2 protein chains.
Amino acid sequence: MVRVKDPAVRSLLIDRAAQTLAAREPVTLRSLVAGTGVSTMAVYTYFGGMDGLWKAVRQEGFTRLAVRLAEVSPSADPVRDLAALGAAYLSNALAVPDLYRVMFDAAFDLEDAAAADDTLHCLVRGVERATASGRFRDDVDPLELATQSWTVGHGLASLVATGPLPRQALAHGVPLLTALFTDAGDDPVRCRRSVERGWHDLLPDHGSGPSGAASG
Amino acid sequence: MVRVKDPAVRSLLIDRAAQTLAAREPVTLRSLVAGTGVSTMAVYTYFGGMDGLWKAVRQEGFTRLAVRLAEVSPSADPVRDLAALGAAYLSNALAVPDLYRVMFDAAFDLEDAAAADDTLHCLVRGVERATASGRFRDDVDPLELATQSWTVGHGLASLVATGPLPRQALAHGVPLLTALFTDAGDDPVRCRRSVERGWHDLLPDHGSGPSGAASG
DNA sequence: CCTCAAAACATAGCAACGTTATGTATTGTG
DNA sequence: CACAATACATAACGTTGCTATGTTTTGAGG
């Protein structure tokens, strides 16, 4: 005999958690179920406890990120697309900074790592396209370059979304990715233009040029 | 009339917090003072509450980082020194990962940002030396390049120390910094050698070459 | 050398947290 | 229909950060 839990309740709780998170209010067991009609036990039947709920919220974060990345429509310029993926990554992190923080806060378990892997694979495909089109050298390892691009994106997202860097620091993404892709074999001036195009498409107000860093 | 608090008690509590953090045990008000002879009120007289304690722990983290960075002895090769600073940054983050996480976890206030600024200034001076020695172009803004190097370092530290990337991913630091410094005007092969030298000095077992990324 | 107010500190208690125990309703299956 | 496992509500428990209250200690002024 298999009792199936109501998926609507599960989504409801996750959404409420994400909503509470975005409102910068503490996500507590009792605040979650308040007003929903369900009792605190629901969190235990559906998630096994608060840890399980946080894991589900983390998954939700990666799912939303995947949606954002999937919305990046490939063009004839694979380097632009790569920069656009980076911009989409940052755009997502800045849209839901607390959710982004939760995604990378706790120690990663296998399930979380798998979700992160999907993000990485998206970048790997982007690098492969650029390599196939001749923009990058043949000897660049797509996984390596994708990981390095991810490192740059995550560093920027972390330092800007919940860290000491101001929003204008997002513009550092352009020279960072340009340096990386130029080093991978792309023509410097062409690379710069491609990256700027891809970056501007999602972060139009932060792509002109980097300005000051932390405070003063 | 001015009562002066005992600085030793303050340091004791901060050290115990860092120690508890490193032991991956929950840092609670009562676990902090247990066995020290002081009562829970000490945390309030010295720090004004747990928030104040966490802020002090964060400061301690930046102080330890500053010590690590100051231990990097300048050589005749400013690009090597820059890479060595990056390696020291990562070495510190991996030595005390939970402390590093606390440093960048909470929303930054002014005091934290000032501490982070010291870290950045250290990098700025390194870039200025490289520019003065002719390795970098004259038109590179030291603050910009330092911020970008920091972004790379923090991204790597965050993804490796508490994230999904394995320790071997530290090796990505070499190509990342090489790309960045080459883009700043340094000669590619010379840059690579300098970065590898600086990197190896503090992370000898993770500088040969990047391997796989997340899981599989 | 007192006096006395302020600071430092201990004890006890509070509300809120995550969790668990217990009992009841609901569901699917034989 | 009957039975057993799931879903769920209520109530309680231990622990958390914090505060209220009383006591001790400190340092400056008369």
Side-chain angles (χ1 to χ4, degrees), chain A residues 1-60 98-99 101-102 105-107 109 111-112, chain B residues 1-60 98-99 101-102 105-107 109 111-112:
Chain A
M1 96 163 244
V2 197
R3 269 291 285 285
V4 64
K5 305 175 196 175
D6 187 357
V9 176
R10 188 185 159 89
S11 315
L12 173 77
L13 290 174
I14 295 176
D15 284 346
R16 272 185 72 96
Q19 188 178 339
T20 308
L21 217 53
R24 286 185 158 64
E25 289 166 2
V27 178
T28 71
L29 175 62
R30 289 171 172 81
S31 74
L32 263 184
V33 301
T36 64
V38 305
S39 80
T40 61
M41 276 303 296
V43 173
Y44 287 83
T45 51
Y46 285 94
F47 304 102
M50 286 300 280
D51 282 359
L53 176 94
W54 286 118
K55 180 152 61 176
V57 168
R58 225 155 24 233
Q59 290 285 338
E60 170 74 13
D98 299 87
L99 185 55
R101 193 196 307 186
V102 169
D105 243 16
D109 58 18
E111 200 176 350
D112 295 331
Chain B
M1 106 164 238
V2 197
R3 271 290 286 284
V4 63
K5 305 175 195 171
D6 188 357
V9 176
R10 189 186 158 89
S11 314
L12 174 77
L13 290 174
I14 295 177
D15 283 347
R16 272 187 73 96
Q19 189 177 339
T20 308
L21 217 52
R24 285 186 160 65
E25 290 166 3
V27 178
T28 71
L29 175 63
R30 287 172 175 79
S31 74
L32 263 183
V33 300
T36 64
V38 306
S39 78
T40 61
M41 276 303 296
V43 174
Y44 288 83
T45 52
Y46 284 94
F47 304 101
M50 286 302 278
D51 281 359
L53 177 94
W54 285 118
K55 179 152 62 176
V57 168
R58 227 158 19 238
Q59 290 285 338
E60 170 73 13
D98 298 87
L99 186 54
R101 193 197 306 188
V102 169
D105 242 16
D109 58 18
E111 201 176 349
D112 295 331

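Scope of the values below: all heavy atoms of this structure, side chains included, with no hydrogens, waters or symmetry mates. Order of the sequence lines fixes the chain letters, A, B, ..., with proteins taken first and strands second; residue numbering starts at 1 for each chain. Quick caveat: nothing in here was measured; it's all calculated off a predicted structure.
Within 4.0 Å (heavy atoms only), B:Val33 reaches no atom of the nucleic acid at all. Across all strands shown, B:Gly37 has heavy atoms under 4.0 Å from sugar-phosphate atoms exclusively, and none from any base. Within 4.0 Å of A:Thr28, counting heavy atoms only, lie sugar-phosphate atoms of the nucleic acid but no base atom. When heavy atoms are screened at a 4.0 angstrom cut-off, A:Val27 is found touching the sugar-phosphate backbone but no base atom. At the heavy-atom level, A:Val38 lies under 4.0 Å from the strands shown only through sugar-phosphate atoms. Within the nucleic acid shown, B:Met50 comes within 4.0 Å of sugar-phosphate atoms alone, with no base atom in reach, counting heavy atoms only.
Checked against C:dC17, D:dA7, D:dT19, the side chain of A:Arg30 finds its nearest nucleotide in C:dC17.
A straight line from CE of A:Met41 to P of C:dT22 spans 13 Å, rounded to a whole angstrom. One can place CZ of B:Phe47 at 16 Å from C1' of D:dG17, the figure rounded to the nearest angstrom. Rounded to an integer number of Å, the gap from CG of A:Leu29 to C1' of D:dC13 is 15 Å. Rounded to a whole Å, the CH2 atom of A:Trp54 is 13 Å from the P atom of C:dC17. Separating the OH atom of B:Tyr44 from the P atom of D:dG17 is a distance of 7 Å, rounded to the nearest angstrom. Computed from coordinates, the B:Asp51 CG to D:dT19 P distance equals 11 Å when rounded to whole Å. Straight-line distance from the CG atom of A:Leu13 to the P atom of D:dA7: 14 Å, rounded to whole Å. In this structure, CD of B:Glu25 is placed 16 Å from C1' of D:dT15, rounded to the nearest angstrom.
Not one N or O on the side chain of B:Ser31 forms a donor-acceptor pair closer than 3.5 Å with the backbone of B:Val27. A donor-acceptor distance shorter than 3.5 angstrom exists from the side chain of A:Arg101 to the backbone of B:Asp105, with no hydrogens or angles considered.
In this model, the phosphate group of C:dC9 is approached by a side-chain N or O of B:Thr45 to a distance below 4.0 Å at OP1 or OP2. Residue B:Tyr46 places none of its side-chain N or O atoms closer than 4.0 Å to OP1 or OP2 of C:dA8.
When all heavy atoms are compared, the tightest approach of A:Met50 to A:Thr28 is CE-C, 4.2 Å. The two residues B:Glu60 and B:Asp15 have their closest heavy-atom pair at OE2-OD1, 4.4 Å. The shortest heavy-atom contact between A:Arg58 and A:Val102 is CD-O, 3.1 Å.
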